[in-house]
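Heads up: the structure comes next, in C-alpha cells.
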Amino acid sequence: MKMSERKGRVSTPGSKTRIVASLAALALVAGACGSGDNGATGTPAPAPAAPGVVDTGPARCEGNVEITLWHGRENFNPADDWASFHAEYPNIRVNWDVIPLEQAPTDFIRAHDAGNAPDILNISADEIPALAQGGYVRDMTVEFAAWEDEDSELWNSLFDPLAIQAASWEGIPYGVALHTGPEWYVYRIDLLKAAGYDEPAKTWDEFVEIARATTGNGVFGYTQVLSRGQGFQAGPLTVFMAMGGQHDEQDYPILDSPAGIEWLRFHQIMMREGLIDPETLAWGSGDKRAAFIGGRASQGLISQNILGRINEEFEYGVEWAAVAPPVSTGREADWRHKARTWSWLVNSDTKCPYEASLALRYLSQPENLEEVALRYLPSTSIAVLEGAAYNALPWIADIGEAFKTTDFMPVASRQGELAEIGLDAMQEAVLNPDADPIEMAKRYQALIDALKN
Amino acid sequence: MTQLPEMTREGRQATGDAPSDSTRARGGRSALGAFNDVTRPYRYILPASSLVFAVFAYPIARGFSTSLHIDTPRTPDRPFVGADNYRDLLQDSDFWNSFQNSVTFVLGTIAVGMVLAMIFALVLHHAPFSPLKRGLRALSLAPWLISGVAAATMFRFLFNPQVGLIGVLDFLPFIDGGTWLGDPFRAVVVIIIANTWYITPFSTLILLAGMQTIDPDLYEAASIDGASGVQLFRHITLPSLAPHIALTLVYFSFASWNTFDLVLTMTAGGPGRATEVMALYMYRLAFTNLNFSTAAGVMMVLLVLNIFFSIFYLKSFKIND
C-alpha cells in the first residue's frame with residue numbers, strides 16, 4: 001500500500017449499522033462494568049439510550065478514571081511521560097509499567113484470569129491471534145470509529161496496513177501497532193569494494209557470491225542468528241519472503257515451495273562453505289548486530305532500529321549502507337518485504353474502553369511517536385515517516401521508498417508452534433549442510449500443515 | 001508409652017472400682033490435656049506449614065489440575081481431559097528428546113561433580129594453614145554466589161574459539177579450533193562443565209561439613225593399625241559421609257533436572273535441540289506455544305522425577321530422617 005494513501009475506516013459501519021454498533025457497545029460496556037472487577041477504575045457510563053435514540057458514540061466513564069498500561073520496553077514510553085495527556089484529561093490517570101515483551105502475553109493471560117490485567121497491553125504482533133481467540137482483548141471497532149470522527153487528522157496519520165491491520169485478527173481491530181522493525185540488507189561498502197564489488201547484491205545468488213568473496217581474515221560474508229535464541233519472525237522469515245516465499249490463506253509459510261527450498265539451501269551453503277560464523281548456532285539475539293558492528297561480517301539483514309548504532313562505528317555511505325533485501329532470480333515478482341510490529345491492545349475486560357482509546361491516541365500522536373522513533377524503533381505514523389527529523393537520517397534516502405511498500409509480517413493462529421517448526425527446519429539445514437533440502441522442505445511442510453485447523 | 005492406656009484399664013479392672021465423678025472430671029481434663037499434648041506440635045508448626053502450603057503445595061496442586069485440562073488461550077473454557085496431556089507427552093518425540101538430554105545432563109553433572117566436590121572437600125579439610133583454609137573455603141563458594149545467567153555468559157566467552165580461552169588452548173590434541181557451542185555433542189559437554197562449575201561449590205560445603213564431624217580418633221586408631229590413606233578414605237571417610245553424600249546427590253540431581261537459566265543463556269536449547277533439557281522444553285511449551293496444560297504436565301513429570309531420585313538416594317544411603 002502506498003504511504004500517501006489513507007486507510008478507510010476499519011470495518012467502516014454505515015449509519016444504521018453504526019447506531020446499532022454503538023448501542024451494542026453501550027450494552028457490552030454496561031455489562032462489563034457491572035460484572036467484573038477488571039480494568040480501569042472509574043464510574044462506568046450510564047445505561048444505554050432508549051431504543052430509537054441515536055447515540056453519539058462509545059460510552060464514556062464518569063468521574064476519575066485510572067488506566068493501567070504495560071509497555072513491553074521502557075523505551076516505548078514517550079519522553080513526555082503522559083504529562084500532556086494528564087493536562088488534557090485531568091480526570092484520567094494513566095499508570096504504566098514495563099512487563100518485558102517476552103513474558104507479557106503469559107503474564108497478561110494469568111492476570112486476566114485473575115481479574116487484574118492492565119487496560120492496555122503492549123505485545124509483539126505474533127501473540128495477537130492467541131489473545132484474540134481466547135477473548136482476552138477487546139474489539140475496538142466502535143472506539144476507533146469515534147477516534148476517526150473526533151480526530152480524523154490523527155487517525156489518518158497512521159500508516160495502514162502497518163498500524164491497524166497489524167493489530168487486528170480476522171478483520172477485527174484490537175488496538176494499534178505503533179512501532180515496527182523492518183529488516184534491511186546492510187553491507188560494508190569498503191569490504192565489498194576490496195573484494196571487487198561496487199554495488200550490493202541485487203539477487204540472492206549475488207549475495208552468496210559476495211559472501212564468498214568477502215569471507216576471510218576474521219570476516220564472514222553473512223551475519224545471522226541461526227540459534228533458537230532469536231525468534232523465527234526476526235531474520236529467518238524476512239529472508240524467506242525476500243526469496244519470494246509465500247504464505248497460505250491461513251498465514252502459514254509455504255515451505256515446500258521453490259522459495260522454501262532455496263531458503264533451506266541458502267543456509268546450507270552458508271554453513272558448508274564457512275561463510276557464516278559457526279558460533280551463530282549458539283548466538284543470542286544481539287550477536288548478529290554485534291558481529292556487523294564489530295567489523296566481523298560484510299553483509300546481513302539487520303533491524304532498522306540498529307542502524308543508528310552501526311552509524312556510530314562506521315560512516316554511512318562511505319563504509320556501510322542499507323538497502324532493501326535482494327530478490328531471487330526468476331521470482332522477482334514474488335519478492336516481499338514485511339516487518340514485525342509492536343501493538344498496544346485493549347483488555348476485553350476494561351471498564352472504560354473509550355478512555356483507553358484516548359490513551360492510544362496519546363501514544364499515536366506524531367510528536368510522541370517521532371521522539372520514540374528517533375531514539376528507538378521506527379513508527380507507523382505517516383506524519384513521522386514524512387517528517388524532517390526522520391528523513392534527515394542518512395539511510396532513509398536508501399530505504400524510504402522500500403518502506404512504503406512494506407507490509408506487516410503475517411501471523412498464523414498457532415504462531416508459537418509454527419516458529420518452533422521453522423527454527424527446527426533452519427537448524428536441521430545448517431547442521432546437515434549436505435542433506436537434501438527438497439526432502440527437508442516436504443517433511444517440515446507436513447508438520448506445518450498439521451497445525452492448521 | 002503405647003502400653004500406658006492398657007495398664008490403666010487393667011489397673012481399673014483389677015480394683016473393680018467404677019470411676020467416680022471427680023475421676024471422670026479429672027479424666028475429662030486429662031482427655032483435653034492429652035488432646036492438647038497431641039495437637040500442640042501441629043499448632044506450633046501451623047503458621048509455617050500454612051506458608052509452605054501456600055508457596056509450594058497450592059501451585060503444585062494447581063499445576064496438577066492444569067495438566068488435567070486443556071489450558072491454552074484458544075480454549076478459554078478449559079475442558080477436562082484427564083490424562084490426555086500426559087499421553088500426548090509420552091507420544092511427543094520432543095519430550096523424549098528433552099528427557100534424554102536431561103538424563104545425560106544429570107548423569108554427567110553427578111559423575112563429574114561428585115568427584116570434584118569430594119576432591120575439593122578433602123583439600124579444604126586437610127589444608128594445613130587455618131587462614132588459608134578459610135580463604136579457600138570462601139573462594140570455593142564464589143561460583144555458587146553469582147547468577148546463572150552471568151555464569152552462562154562467562155562460559156559462552158570461554159568456549160568461543162575466536163575470543164575465548166578455548167582458542168588459546170588449541171595446541172591440545174582434543175581442541176581443534178572448531179565451534180563448541182555450535183556442535184551438538186560438544187555443546188552438551190560445555191553445559192555439563194558449566195553446570196558442574198556452578199553447583200559443585202555448595203556440594204563441596206555439604207561434604208566438608210560432613211568431614212568435620214568425623215571423630216579424628218577413628219583415623220588415629222586406624223593409622224596405628226597400619227591403614228593407608230586410601231584405606232582410611234575407603235573405610236572411614238566414605239562410610240561416615242554416607243548421609244552427606246546422599247544429600248549431595250539429592251542436590252546435584254535436583255539442581256540439574258531443574259536447570260534452565262544456564263542452558264537458555266548458553267545455547268537456548270540448540271544447536272538443533274541437542275541441549276533442550278526438560279525445564280527448557282517446559283518453558284517453550286508455556287511461553288512460546290502458550291500451551292500451559294502440557295507445560296504443567298512436564299512440570300509434574302519433573303516433580304515426580306525429583307521426588308523419585310531424592311527418595312532413591314536417601315534410601316540407598318539408608319537415611320530415613
Side-chain angles (χ1 to χ4, degrees), chain A residues 102-110 112-113 126-137 218 220 225-232 271 276-285 287 291 294 296 348 413-421 423-432 451 453, chain B residues 62 66 70-78 92-94 97 149 152-153 155-157 159-164 166-167 177-187 190-191 263-276 280-281 283-292 294-295:
Chain A
E102 295 76 11
Q103 69 184 65
T106 45
D107 283 13
F108 181 79
I109 288 169
R110 290 304 173 215
H112 193 282
D113 291 346
D126 310 9
E127 318 290 353
I128 293 175
L131 295 181
Q133 290 171 90
Y136 293 97
V137 284
F220 290 96
V225 179
L226 299 183
S227 74
R228 309 189 79 86
Q230 188 174 25
F232 184 52
M271 192 56 75
I276 190 167
D277 190 337
E279 290 296 303
T280 183
L281 287 162
W283 275 3
S285 62
D287 290 322
R296 303 192 305 276
S348 59
S413 63
R414 298 176 71 173
Q415 187 67 29
E417 287 137 298
L418 168 65
E420 290 292 304
I421 293 171
L423 288 172
D424 281 343
M426 190 177 72
Q427 295 237 309
E428 183 173 338
V430 295
L431 288 170
N432 302 278
L451 294 178
N453 299 327
Chain B
R62 183 63 191 261
T66 301
I70 293 182
D71 188 353
T72 72
R74 288 182 298 278
T75 52
D77 51 336
R78 299 191 181 120
D92 183 357
S93 60
D94 291 337
N97 172 70
V149 173
T153 306
F155 271 89
R156 280 191 63 190
F157 277 114
F159 282 89
N160 185 316
Q162 290 156 12
V163 297
I166 203 74
T179 179
W180 280 76
L181 291 173
D183 179 87
F185 174 74
R186 286 176 165 186
V190 175
I191 62 166
V263 182
L264 181 71
T265 309
M266 288 177 72
T267 62
R273 289 180 186 253
T275 58
E276 187 177 72
L280 190 57
Y281 176 63
Y283 168 82
R284 287 245 162 78
L285 284 173
F287 284 83
T288 305
N289 297 356
L290 301 178
N291 186 343
F292 304 115
T294 312

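Just so it is clear, the model here is predicted, and its values are computed rather than measured. Below, chains carry the letters A, B, ... as their sequence lines are ordered, and counting in each starts from 1.
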Is chain A contacted by the side chain of B:A187, its backbone, both, or neither, given a heavy-atom distance below 4.5 Å?
neither
Of B:P184, B:A286, B:G182, the largest count of non-hydrogen pairs under 4.5 angstrom with chain A goes to B:G182
[X] versus chain B, heavy atoms under 4.5 Å apart: side chain, backbone, both or neither?
{"X": "A:D113", "result": "side chain"}
{"X": "A:D287", "result": "side chain"}
{"X": "A:E127", "result": "side chain"}

Interatomic spacing from [atom1] in [X] to [atom2] in [Y] - rounded to 0.5 Å:
{"X": "A:I109", "Y": "B:D71", "atom1": "CD1", "atom2": "CG", "result": "8.5 Å"}
{"X": "A:L451", "Y": "B:N289", "atom1": "CG", "atom2": "CG", "result": "9.0 Å"}
{"X": "A:E279", "Y": "B:F159", "atom1": "CD", "atom2": "CZ", "result": "11.0 Å"}
{"X": "A:E417", "Y": "B:N291", "atom1": "CD", "atom2": "CG", "result": "6.5 Å"}

What do you reckon, is CZ of B:R62 surrounded by more than 12 foreign heavy atoms closer than 6.0 Å?
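Counting other residues, nucleotides and ligands, CZ of B:R62 stays at 12 neighbours or fewer.
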Identify the heavy atoms of A:A130 and B:P73 that sit nearest to each other, and give their distance.
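Answer, listing the atom of A:A130 first, then B:P73: O-CB, 3.3 Å.
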Do you know the tightest heavy-atom contact between B:R156 and A:W283?
NH2-CA, 3.6 Å
Any non-hydrogen side-chain atom of B:L181 less than 4.5 Å from a side-chain atom of A:L281?
no
Taking C-beta and beyond as the side chain, do A:P129 and B:R74 meet within less than 4.5 Å on heavy atoms?
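No, side chains not in contact.
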Paired with B:R273, the side-chain contact (heavy atoms from CB on, under 4.5 Å) test is passed by just one of A:E428, A:R228, A:Q427, namely A:R228
